[in-house]
Amino acid sequence: MRRKRLLWKLYPAYLAIILLSIATVGIYASTTLKKVYLHKTAKDLEARARLIEKEVAGSFTNENRALLDLLCKTLGRSASTRITLILPSGEVLGDSEEDPRRMDNHAHRPEVKKALAGQIGVSTRYSHTLRKEMMYVAIPVIKEGKIIGVVRTSIPVTEIDTALSIIYREIALGGVLMIILAAAVSLYISRRISQPLEEMKRGAKRFAEGDFTHRLLVPDSEELGGLAEALNQMAQQLDEKIRVTTEQRNELEAILSGMREGVLAIDTEERILMLNHAAGSLLGIDVSTAKGHTLQEMIRNADLQRFLGEVLTGQGPTEAEIVLHGTESRFLQVSGTVLSDSGGRKIGALVVLNDITKLRHLEDIRREFVANVSHELKTPITSVKGFVETLREGAIDDKENARKFLEIISKQADRLNAIIEDLLSLSRIEQEAEKGEIQLMEGDLRRILEAAILDCETRARERNIKVTLNCSDEVRVKANSRLLEQAVSNLLDNALKYSEPGGIVEVEVIKDENEVAIKVRDHGYGIPPGHLPRLFERFYRVDKARSRELGGTGLGLAIVKHIVQAHGGHVTVESTLHKGSTFTIHLPNPHKGLPSLPTM
Ligand code: ADP
């Protein structure tokens, strides 16, 4: 329904009241005035009749008819009144307008009848003589206590009407003026009442649209002023509450989105109420579109579903580990609690998700490492134990074999020693790197490489392999020379081990703006491509038997990797089977960003 403006409700009501009052007053005034005027006219006519009565009382006889008629005509003209003199018989003696002889008997005229009865007769009726509406007043002519005739004065009603209509017009004019004035005043008043309300409506609309900074003007009337103040107060409180709520929500959002743990809230129908970015990326759900969807729609995982069901029903554990199967399996530790509203009613569940994939991975590595170490140590120990047993059981007396066995025992002990040395060195490097205890100093790279080559000289000679060095004198690196030398030695040792005798191993340094690359290249057996990604893992060996045969521990490359990482660099390998391998240590250029000096 279309609603009317308050102004158009107030104003017509005012107008109707004004019109009704003015019309009532007008009608009442007009009728009263008419009554008063008629009464006054009758009195007037009566007074004139009295004057004439006094004049004619002495001569009111048939004999004076001519004289009396003349008197009627003279007086009638000057007083603008019709004057009629009538004998008690009803015969007309004189008349100001007509010839009395031609007039009929007036004995039955109502006013004449009354006058003849000694009273004042007043009558308004149609005059057949004059053919118009007249007002008549008749009084008796008394002489010596006897009624000797009647004096009748009259005027046409039209004259009264004319006079009254002038009065009516005046009243109507006054009324119209009053209406115009009252209409204008009531319009002004209606506006004054409705305008503040309209302004309040506009202000309230702005509040409804969320603009709580706006303030309503307070009108001076008590009710509207109170209402405006109450609305302003309400807006201020709402503004404050919304501000506080928004701040709290922003804080909460900032906390949730900054959390590494995934947080997920669902309702009792398992529809998503909220999930933070971490939860989105853990579960592979788009955070922006997830809200309102059920979790089943977004992710299919029976374990997670079961866990949520258990949390929602309040049974079973609130902590569990679940696995998300995808291209890579992810392990999540989930803990859940029931969400309740302020009235204690259950409204859903809150789940915190922790990605423990890395932890799991580390645990796996550790387990594998322990197994590997045990295995690596077990082989020489079994061997040592076996030969000791053999010696004890009598072989000790067989001199020749005894020496051979002791040599094998010694070799196995060396091997054990080498493994333990390498393990210790690896863990020392790891620990020092973790604590930041590895001192890096800028120094001459060539010197380090020459030392490493010298280190391997014995083995090189044994295998008749030539080691060449290609490094300009001015290449400098920020390094721990002892450790870097060890890393290069390890690479050289491998290059010599896994090459046919009589070959060549090249050490080359390539420097560019960003890095210094130390390449150790051999032309040996090479490595099948499938093994390359895992080559730097502890105890990883391509050919276990050959490595063992050559006295390898499987830890050499792991040590290289850790040393290079402690220098802020990385190590890479390129290899072609039966053609050879190139291991490259990439170290950051200590003069990165500085213009390089021209070489002499
Ligand atoms: P190991 O003590 O057995 O040499 P490393 O960690 O040094 O252990 O090397 C791991 C494995 O990588 C070796 O067992 C070997 O199979 C392979 N490898 C390392 N360097 C070379 C190389 N230059 N040529 C061929 N294979 C190599």
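Positions are given from 1 along the sequence. Atoms within a ligand are numbered from 1 in the order they appear, just like the ligands themselves.
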S.K.: Considering non-hydrogen atoms of the protein only, which is the closest contact for atom 10 (C) of ligand 1, and what is the distance?
M.R.: Y540 O, 3.2 Å
S.K.: Just need the protein heavy atom nearest to atom 19 (C) of ligand 1, so name the residue and atom and give the distance.
M.R.: N494 ND2, 3.4 Å
S.K.: Below a 4.0 angstrom heavy-atom separation, can you tell me which part of L550, side chain or backbone, both or neither, approaches ligand 1?
M.R.: neither
S.K.: Do any nitrogen or oxygen atoms of D522 come within less than 3.5 Å of a nitrogen or oxygen of ligand 1?
M.R.: yes
S.K.: Any salt bridge between E407 and R403, counting N to O under 4.0 Å?
M.R.: no
S.K.: When the ring planes of F536 and F583 are compared, do they come out parallel, tilted or perpendicular, using 30° and 60° as the limits?
M.R.: perpendicular
S.K.: Under 4.0 Å between a Lys/Arg side-chain N and an Asp/Glu carboxylate O for D364 and R367?
M.R.: yes
S.K.: Is there a polar contact between ligand 1 and L535, counting only N or O atoms under 3.5 Å apart?
M.R.: no
S.K.: Look at E506 together with R521 and state whether they make a salt bridge at an N to O cut-off of under 4.0 Å.
M.R.: yes
S.K.: Go through ligand 1 atom by atom and flag the ones less than 4.0 Å from a non-hydrogen atom of L557.
M.R.: 5 (P), 6 (O), 7 (O), 9 (O), 10 (C), 12 (O), 19 (C)
S.K.: One thing to verify: whether E450 and R446 come together as a salt bridge, which I'm taking to mean a side-chain N less than 4.0 angstrom from a carboxylate O.
M.R.: yes
S.K.: Is the cationic atom of R546 (NZ for Lys, CZ for Arg) positioned less than 6.0 Å from the six-membered ring centroid of Y525 and within 45 degrees of its normal?
M.R.: yes
S.K.: Indicate yes or no: does an N/O atom of Y498 lie under 3.5 Å from an N/O atom of ligand 1?
M.R.: yes
S.K.: With backbone taken as N, CA, C and O and side chain as the heavy atoms from C-beta onward, which portion of K544 lies under 4.0 Å from ligand 1: side chain, backbone, both, or neither?
M.R.: neither
S.K.: Can you tell me which portion of I527 lies within the under-4.0 Å heavy-atom range of ligand 1? Options are side chain, backbone, both, or neither.
M.R.: side chain
S.K.: Please determine whether any non-hydrogen atom of Y525 lies less than 4.0 Å from an atom of ligand 1.
M.R.: no
S.K.: Under 4.0 Å between a side-chain nitrogen and a carboxylate oxygen: does that hold for D444 and R476?
M.R.: no
S.K.: Going by heavy atoms, is H531 under 4.0 Å from ligand 1?
M.R.: no
S.K.: Under 4.0 angstrom from ligand 1, any heavy atom of G554?
M.R.: yes
S.K.: Step by step, would you call L217 with E199 a side-chain contact (heavy atoms from CB on, under 4.5 Å)?
M.R.: CA-CA 8 Å; L217 273 177; E199 257 167 41; 3.8 Å; yes
S.K.: Under 4.0 Å from any heavy atom of S547, which atoms of ligand 1 are there?
M.R.: 1 (P), 3 (O), 14 (O)
S.K.: Backbone, side chain, both or neither: what part of F583 comes under 4.0 angstrom of ligand 1, heavy atoms only?
M.R.: side chain
S.K.: For ligand 1, which is the ligand I care about here, please tell me if A558 has any N or O atom under 3.5 Å from one of the ligand's N or O atoms.
M.R.: no
S.K.: Would you mind checking which non-hydrogen protein atom is closest to atom 14 (O) of ligand 1, with the distance to 0.1 Å?
M.R.: R541 CG, 3.0 Å
S.K.: Does the distance from a Lys or Arg side-chain N to an Asp or Glu carboxylate O, for K358 and E363, drop under 4.0 Å?
M.R.: no
S.K.: Could you tell me whether the side chain of V384 reaches within less than 4.5 Å of the side chain of V388, counting heavy atoms only?
M.R.: yes
